[in-house]
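A short worksheet on the structure shown next.
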Amino acid sequence: MSVVTRFAPSPTGFLHIGGARTALFNWLFTRRHGGTYRLRIEDTDRKRSTVEAIAAIVEGLKWLELDWDGEIVFQSRRLARHGEVARQMLAAGTAYRCYSTPEELTQMRERARAEGRPIRYDGTWRERDPCDAPAGVAPAIRLKAPQTGETLVEDRVQGPVRVANGELDDMILLRSDGTPTYMHSVVVDDHDMAITHVIRGDDHFSNTFRQLQIYHALDWPTPAFAHIPLLHGPDGAKLSKRHGALGVEAYRDMGFLPEAMRNYLLRLGWAHGDDETIATEQAILWFELDGVGRSPSRVDMAKLQNLNAHYIREAEAGRLADAIMARLAADGRPKVASDVLRGRLLAGMDGLRPRAKTLVELADLAAFYGLSRPLALDGKAAKLLDGAARERLAGVHAALANAGEWTESGLDAIVRNHAEQRGVKLGDMAQPLRAALTGSTVSPGIFEVMAVLGPEESRSRLADAIAGLNPV
RNA sequence: GGCCCCAUCGUCUAGUGGUUUAGGACGUCGGCCUUUCACGCCGAUAACACGGGUUCGAAUCCCGUUGGGGUCACCA
């Protein structure tokens, strides 16, 4: 039997990090087994579902490169089928019409709460003669759930868990307006889509017992279930807007690479021995449900950043250059022609990339390559370029005038030599150079910067600084 | 509150009765390298929630306590 899975978010908000991880686990498991991974939008709640949310989810999944198979299934378009199944159950006697009104049910719940009893539907209409039906009241359809015995879930992550059927009441399948409830529609859709493995968040665990009752009532085969623990915030509490409950696009905007997100999310609740950096290709080969832990884990930005730094070091230079240019352009920062900037970024990337944990940092670090002259200096750089420093710079400028070949090692030799002759420490020569060439006190190796910038631009930037032309 | 799940360094985790003075990674703190900042390298810090059992032997099995989480709608 070939594996079929699905990721089934409800479009009431963006794709948050927990949903992203659920999608990843489904995707990995399916790719591992050469199965089919589908996307189903659970939009039966028309009031809360929005097209913006659907777009955000689709975009988030695309950014994470978790491609699904086939067309997206919209649950809302399957209403007729959901109704059909409910009526079939009615005919088979595994469901019944319930004429209790929402008001009555609310009273029932409040009374139960007040008396400290379990909050359940009392089954008023379960055996009652439909002839008693009040006129003008549209009925809801309820499952005639077993009242004795127990329901067992053989969960692939949580293990076997059983619940007494007496704990569960007769849930509503079809509302009085004819629309299906979530419980009913998931079961019908998972069955019709031939889903073999339901991998979802732990928050659905207790729903599983009820869904199983529907499968049993219909005499349908059940899929395997795997409930993965939820993600918590850094403080151990539920994810809140302040940390992890951000949409994945927020992580994209913070400068994280999708492959870093995948690796990080994978390690949250799943392990393969002591392995930490696991590329997606490798993860597909290794991923199994029995490697999923059962305790919830916390989102840790520091570790995500560390992983992101790793993938920045691995990434293809052209891709990073594009990302930098896009970010600089978005801020209106680069001033030089884009082909010039791109050339510099490509040439200087190996000096840039080990210094950044995110694309945001990378872009900030690289910005000086795109600035037009005279460079604006940051506070520390301006302070560094005092009279004495400018005088030293003038000396370097002169020494550089007859530089033969403009290479990193050649420049290094010239400046080092010059500093030695002047009896100045290399650092006292390098820092003013850095300030003059980058406008900052932090940058890649200064000789590399000069080599990337080229003789003309380097000399001009130096001349600007010597002449004190830089704005602060 | 009922039902259900969970519990190893600050965090993510390895560990499935003895090979463990509990391993790795991130973080933190030192040091080395060094033209700045990073990277890299070396070292240090730090955990089996608690209490009972079972066993020759328990982080590993059982029970309880405590703590955390999930769920109890004509929401999904």
Side-chain angles (χ1 to χ4, degrees), chain A residues 8-12 42-45 47-49 75 98 100-102 105-106 109 113 116-121 138-142 153 155 158-159 161-164 166-169 171-177 179-183 185-186 201-210 227 229-230 232 234 236-238 264 267-277 293-307 309 313 351-357 361 365 380 384 412 415-416 419 425-435 438 440-447:
Chain A
S10 56
T12 52
E42 312 242 304
D43 57 348
T44 45
D45 184 348
K47 287 187 288 291
R48 297 205 302 157
S49 300
Q75 199 156 55
C98 168
S100 300
T101 62
L105 295 175
T106 307
R109 269 195 299 275
R113 205 186 306 271
R117 286 183 291 113
I119 304 161
R120 294 185 205 120
Y121 174 61
I141 295 179
R142 282 185 189 270
V153 177
D155 197 88
Q158 308 291 338
V161 181
R162 54 199 81 220
V163 156
E167 296 290 332
L168 276 18
D169 62 359
M171 83 200 94
I172 290 178
L173 267 16
L174 230 50
R175 300 182 190 105
S176 50
D177 66 359
T179 59
T181 58
Y182 162 79
M183 277 319 156
S185 47
V186 237
D202 205 9
D203 51 338
H204 287 282
F205 195 88
S206 43
N207 290 331
T208 309
F209 300 100
R210 316 182 82 104
H227 289 91
L230 300 178
H232 288 175
K238 257 195 290 189
Y264 178 67
R267 287 289 291 104
L268 241 33
W270 181 86
H272 183 272
D274 283 339
D275 295 301
E276 296 286 348
T277 40
R294 285 190 278 178
S295 49
S297 39
R298 306 180 184 197
V299 175
D300 177 14
M301 294 301 271
K303 189 137 186 176
L304 208 206
Q305 291 202 344
N306 176 270
L307 238 17
R313 275 174 258 143
L352 258 16
R353 63 166 101 221
R355 294 178 163 77
K357 286 186 162 58
E361 288 179 10
L365 199 62
K380 284 180 187 164
L384 192 75
D412 187 321
V415 175
R416 215 173 275 274
K425 280 191 297 182
L426 185 58
D428 290 334
M429 214 57 112
Q431 276 305 83
L433 267 175
R434 176 166 284 114
T438 72
S440 156
T441 54
V442 177
S443 82
I446 199 60
F447 305 119

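Numbers restart at 1 for each chain; the letters A, B, ... are given by sequence-line order, proteins then strands. Just the heavy atoms: all of them, side chains too, but no hydrogens, waters or symmetry mates, feed the values below.
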Check: Among A7(B), C74(B), A76(B), which is the nearest nucleotide to the side chain of R48(A)?
Finding: A76(B)
Next item on the list: Classify every nucleotide of nucleotides 60-70 of chain B by which part a protein heavy atom approaches to under 4.0 Å, writing B for the base, S for the sugar-phosphate alone and - for neither, in 5'-to-3' order.
Entry: ---------SS
Check: Between G40(B), A76(B), G24(B), which one does the side chain of E42(A) approach most closely?
Finding: A76(B)
Notebook entry, point to check: Taking any strand in view, what nucleotide pairs with G40(B) in a Watson-Crick or G-U wobble way, both distances under 3.5 Å?
Noted result: C32(B)
Margin query: What's the closest nucleotide to the side chain of R298(A) if the choices are C12(B), C3(B), C26(B)?
Written below: C12(B)
Note to self: For the CE atom of M183(A) and the CD1 atom of I172(A), what is their distance to the nearest 0.5 Å?
What the structure shows: 11.5 Å
Margin query: For E42(A), run the side-chain contact (heavy atoms from CB on, under 4.5 Å) check against S10(A), S49(A), P9(A), S185(A) and tell me which one passes.
Written below: S10(A)
Checklist line | Any strand: nucleotide that pairs with A22(B) via Watson-Crick or wobble, under 3.5 Å | finding: none
Next item on the list: Could you work out which one of C39(B), G27(B), C4(B) sits closest to the side chain of V161(A)?
Entry: C4(B)
Margin query: Applying the Watson-Crick and G-U wobble criteria at under 3.5 Å, what pairs with U66(B)? Answer none if nothing qualifies.
Written below: A7(B)
Check: Which letters describe nucleotides 31-38 of chain B, given B = protein heavy atom under 4.0 Å from base, S = only from sugar-phosphate, - = neither?
Finding: ----BBBB
Margin query: Suppose you measure atom P in C39(B) against the same atom in A22(B); what distance do you get, rounded to whole Å?
Written below: 31 Å
Note to self: Between E361(A) and R355(A), does any side-chain N to carboxylate O distance fall below 4.0 Å?
What the structure shows: no
Check: Counting any heavy atom closer than 4.0 Å, what does R353(A) reach on the DNA or RNA strands: base, sugar-phosphate only, or nothing?
Finding: nothing
Item checked: Nucleotide paired to A59(B) in any strand shown, Watson-Crick or G-U, under 3.5 Å -> none
Notebook entry, point to check: Between G40(B), C6(B), G24(B), which one does the side chain of R267(A) approach most closely?
Noted result: G24(B)
Check: Between R210(A) and H272(A), which has a closest nucleotide on RNA chain B that is more 5'?
Finding: H272(A)
Note to self: Need to verify one output field. Residue with the more 5' nearest nucleotide on RNA chain B, S295(A) or P180(A)?
What the structure shows: S295(A)
Note to self: I want to verify a distance call: between G24(B), A76(B), G10(B), whose nearest atom is closest to the E276(A) side chain?
What the structure shows: G24(B)
Next item on the list: To the nearest 0.5 angstrom, please state how far the NZ atom of K303(A) sits from the CG atom of L268(A).
Entry: 9.5 Å
